[in-house]
Every structure is written in C-alpha cells, then in structure tokens.
Amino acid sequence: MNSPLKQVIHVENDEKSLNWRWYPQVKQDMEGITVCSMEYEVPQLIHDKVLPSNVQVGEILVKSPYDEKYIRIGEYEKTIMQDKIYYVEEVARLLGASKVESSIKITDIKKRNWDAEIGAMKVDLGEIDAKMRKEDESRLSQELIITSNYSNAKVPTIDDYKKAESYALAHNLLYDSGVKNLLETRNPSENNLLTDRTIHLNLSSELESNLDIAFKLNVLQGVFNLNTSFNMKERYSKTVVLELKYVFAMP
C-alpha cells in the first residue's frame with residue numbers, strides 16, 4: 001500500500017479501488033477513508049491481522065481506537081465497549097486489583113440521518129424514547145458486563161507498575177483521566193495507596209468519531225455496492241458511560 005491506512009476501510013475489487021475517484025458521483029473529498037483492493041491489498045492486511053478473516057468486497061471496517069485492528073462496522077459498537085472494559089481491567093489487575101465490577105449506562109441517544117440533497121449528515125435533536133435507551137442498555141449489559149475476582153492480588157511492585165503504564169500506553173488509554181488516575185493512585189512509590197474506587201469512562205468519542213467518517217460513504221452509494229448490515233441511511237448516536245468499581249490489595 002502506497003499510503004498509511006485511514007480510519008475507515010472500504011473493500012472493493014482492484015479496478016474500482018484504483019478508479020473510484022473519477023466517477024461523476026464523487027464530488028467531495030472522502031477524507032478518512034481508504035478504499036482497499038480485494039485482490040492485492042486485503043490478503044496482506046489479513047495476514048498481518050489488521051483485517052479480520054473472510055473479508056468480502058463491499059465491506060466497511062472501522063479502526064479500533066485502542067490498537068491497529070479494523071472491526072466490521074456492524075460489530076464496532078459492541079467490540080469497542082468490550083475492548084475498553086478488558087483493557088482498563090487489565091491495567092487495574094497489574095496494579096493489584098482484587099475485584100472489578102462493571103456496568104453500562106446510556107444517557108442519551110440521537111438519530112442521525114443522511115440527507116441526500118446536501119450530501120451530509122443531519123442530527124435529529126428530538127429526544128429518543130426512554131424505553132429504547134433502557135432496552136439497548138439492557139442488551140449491552142447482558143452481552144458485556146462481568147465481575148472479576150483475582151485471588152493473588154497484591155500491592156504492585158515498581159516492575160508491575162511499569163507494566164501497567166506500558167500496557168495503558170500501548171492501548172492508547174493514557175488520554176483517559178480515569179485510567180491516569182488509577183496509575184497515579186496505585187503508584188507503589190507513594191505511601192498512601194488507593195484501596196477502592198468507582199470511575200466513569202465516557203465512550204462516546206471512541207464510538208462516534210470513526211462512525212461519522214464511515215457515514216460519508218453514503219455519497220458513494222451509486223459507485224460502491226455497500227455490503228453491510230449497518231444502515232447507511234440512518235444510525236443512532238449514543239452517549240455511553242462505563243462504570244467500573246475496583247477493590248485493590250493492600251499491604
């Protein structure tokens with residue numbers, strides 16, 4: 001591949017991946033989107049574990065904010081939440097967590113529609129039914145929420161702390177104030193270590209920013225055959241808060 005991959009990948013046959021920019025329907029820059037050749041680029045990306053196996057022409061894949069992998073757009077929401085829970089819990093485990101509990105709250109949902117006349121997204125500011133929020137919240141909780149207990153939890157050594165810090169850095173978690181605070185308050189160099197805490201992590205930016213880029217593919221409905229269960233004409237934008245409760249080992 002001649003240039004770095006962008007936030008969204010669309011898979012097309014080789015000819016169209018090279019020539020799509022010259023179709024008359026393309027009237028705006030598709031910034032943030034890479035069109036990959038099924039024949040020449042996708043096999044190497046699958047081999048490198050950047051793309052999942054069995055990728056097909058027409059698929060849309062979105063980059064994870066935590067590592068280099070790309071996720072099928074229809075699986076993006078659940079996978080990102082699952083990964084955030086797992087990665088933050090692993091930081092806590094390295095810092096000596098004996099118990100971790102998680103829960104999910106959806107505090108707001110807005111409907112986003114594609115306006116074909118202006119070639120852009122419009123947000124419906126009307127309030128979404130509270131029943132829908134509760135149903136979605138319940139579904140996600142059943143699929144994602146776990147309680148973890150660790151039998152050998154201990155006060156972290158300097159080496160444990162460095163592992164936790166390196167792990168958080170590798171998975172792009174240091175921007176999150178909740179994760180930074182865990183590292184600060186479980187630093188073994190400090191005398192007064194954290195014993196328990198509840199933190200709230202807002203997942204909205206991880207969920208929304210790359211999906212907004214993918215939404216621009218609506219412009220190319222006449223050019224590409226978008227083979228996806230993701231409804232490209234409308235979608236729901238969610239404000240999702242992940243609550244994590246920690247209990248830590250003490251001396």
Side-chain angles (χ1 to χ4, degrees), residues 7-9 51-56 58-67 69-93 97 99-114 121-149 171-173 176 178-179 197-218 226-247:
Q7 298 305 103
V8 174
I9 288 177
L51 295 184
S53 59
N54 302 318
V55 171
Q56 303 295 319
E59 285 206 75
I60 302 167
L61 302 107
V62 186
K63 188 178 184 302
S64 167
Y66 310 125
D67 50 42
K69 72 183 177 186
Y70 283 74
I71 303 160
R72 288 183 169 94
I73 196 167
E75 301 168 4
Y76 188 75
E77 177 186 79
K78 178 181 175 180
T79 302
I80 290 305
M81 293 184 188
Q82 203 167 39
D83 284 354
K84 185 70 175 269
I85 292 170
Y86 174 80
Y87 292 145
V88 177
E89 181 174 324
E90 180 61 11
V91 172
R93 186 190 70 82
K99 184 176 182 179
V100 181
E101 294 180 292
S102 55
S103 62
I104 283 177
K105 293 288 184 184
I106 298 175
T107 60
D108 185 44
I109 301 180
K110 291 185 173 63
K111 188 175 181 179
R112 299 191 177 199
N113 294 289
W114 184 260
M121 176 176 58
K122 292 177 67 177
V123 178
D124 184 352
L125 297 178
E127 187 173 350
I128 301 298
D129 192 286
K131 181 181 177 182
M132 179 181 175
R133 288 206 307 273
K134 287 296 182 184
E135 288 175 350
D136 207 21
E137 197 174 278
S138 175
R139 173 185 62 84
L140 290 169
S141 294
Q142 291 175 18
E143 294 175 347
L144 301 174
I145 297 310
I146 57 173
T147 298
S148 301
N149 294 280
H171 291 90
N172 195 30
L173 296 174
D176 196 305
V179 176
R197 170 155 293 174
T198 299
I199 64 172
H200 297 86
L201 308 175
N202 192 316
L203 298 181
S204 301
S205 61
E206 289 101 320
L207 290 173
E208 299 304 323
S209 57
N210 288 346
L211 289 180
D212 283 347
I213 294 172
F215 217 44
K216 294 193 298 185
L217 282 165
N218 277 289
L226 300 174
N227 175 26
T228 176
S229 59
F230 183 80
N231 187 340
M232 294 298 290
K233 293 298 184 184
E234 65 179 33
R235 71 178 185 85
Y236 293 98
S237 172
K238 301 171 185 177
T239 301
V240 179
V241 177
L242 174 64
E243 181 180 273
L244 296 171
K245 296 181 179 180
Y246 298 97
V247 177

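We're numbering straight along the sequence, starting at 1. All values below come from the heavy atoms of this structure, side chains included, with hydrogens, waters and symmetry mates left out.
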Legend entry - Spacing of Arg139 atom CZ and Ile104 atom CD1 [to the nearest 0.5 Å]: 9.0 Å

Inset, instruction - Taking only Lys NZ, Arg NE, NH1 and NH2, and the carboxylate oxygens of Asp or Glu, determine whether Lys105 and Glu243 approach each other closer than 4.0 Å. - result: no

Inset, instruction - Evaluate the side-chain contact (heavy atoms from CB on, under 4.5 Å) criterion for residues Leu51 and Glu59: first the C-alpha distance (whole Å), next the side-chain angles of each, then the deciding distance (0.1 Å), finally the verdict. - result: CA-CA 11 Å; Leu51 295 184; Glu59 285 206 75; over 6 Å; no

Inset, instruction - Mind checking the NZ-CG spacing from Lys99 to Asn149? Nearest 0.5 Å is all I need. - result: 5.5 Å

Legend entry - Those residues that, when tested against Tyr76, pass side chain to side chain donor-acceptor pair (under 3.5 Å) (two or more places apart): none

Inset, instruction - Measure across Asn54 and Arg72 and return the closest heavy-atom pair with its distance rounded to 0.1 Å. - result: O-NH2, 3.2 Å

Inset, instruction - For Ser148, check side chain to side chain donor-acceptor pair (under 3.5 Å) against everything at least two apart and list the hits. - result: Glu89

Inset, instruction - Give, for atom NE2 of His200 and atom NZ of Lys245, the distance between the pair rounded to the nearest 0.5 Å. - result: 8.0 Å

Inset, instruction - Kindly indicate whether the side chain of Ile9, heavy atoms from C-beta on, has any atom under 4.5 Å from the side chain of Lys63. - result: no

Legend entry - For Tyr70, ring-ring contact (aromatic ring centres under 6.0 Å, His included) partners two or more places apart: none

Legend entry - Contacts of Lys69 that satisfy salt bridge (Lys or Arg N to Asp or Glu O under 4.0 Å) - sequence neighbours left out: Asp83

Inset, instruction - Determine, step by step, whether Leu203 and Ile80 satisfy the side-chain contact (heavy atoms from CB on, under 4.5 Å) criterion, reporting the C-alpha distance in whole Å, the side-chain angles of both residues, the deciding distance to 0.1 Å, and the verdict. - result: CA-CA 9 Å; Leu203 298 181; Ile80 290 305; 5.6 Å; no

Legend entry - Non-hydrogen side-chain atoms of Val179 and Tyr87 separated by less than 4.5 Å: no

Inset, instruction - State, yes or no, whether a side-chain contact exists between Val88 and His171 at a heavy-atom distance under 4.5 Å. - result: no

Inset, instruction - Identify, with sequence neighbours excluded, every residue that meets side chain to side chain donor-acceptor pair (under 3.5 Å) alongside Ser138. - result: Gln142

Legend entry - Side chains of Lys84 and Asp176 in contact at under 4.5 Å (non-hydrogen atoms): yes

Legend entry - Heavy-atom side-chain proximity of Thr79 to Ser64 below 4.5 angstrom: no

Legend entry - From Ile199 atom CD1 to Leu242 atom CG, the distance as rounded to the nearest 0.5 Å: 7.5 Å

Legend entry - Shortest non-hydrogen separation from Leu201 to Gly178 and the atoms involved: CD2-CA, 4.0 Å

Legend entry - Partner residues of Glu90 under the side chain to side chain donor-acceptor pair (under 3.5 Å) criterion, sequence neighbours left out: Arg93

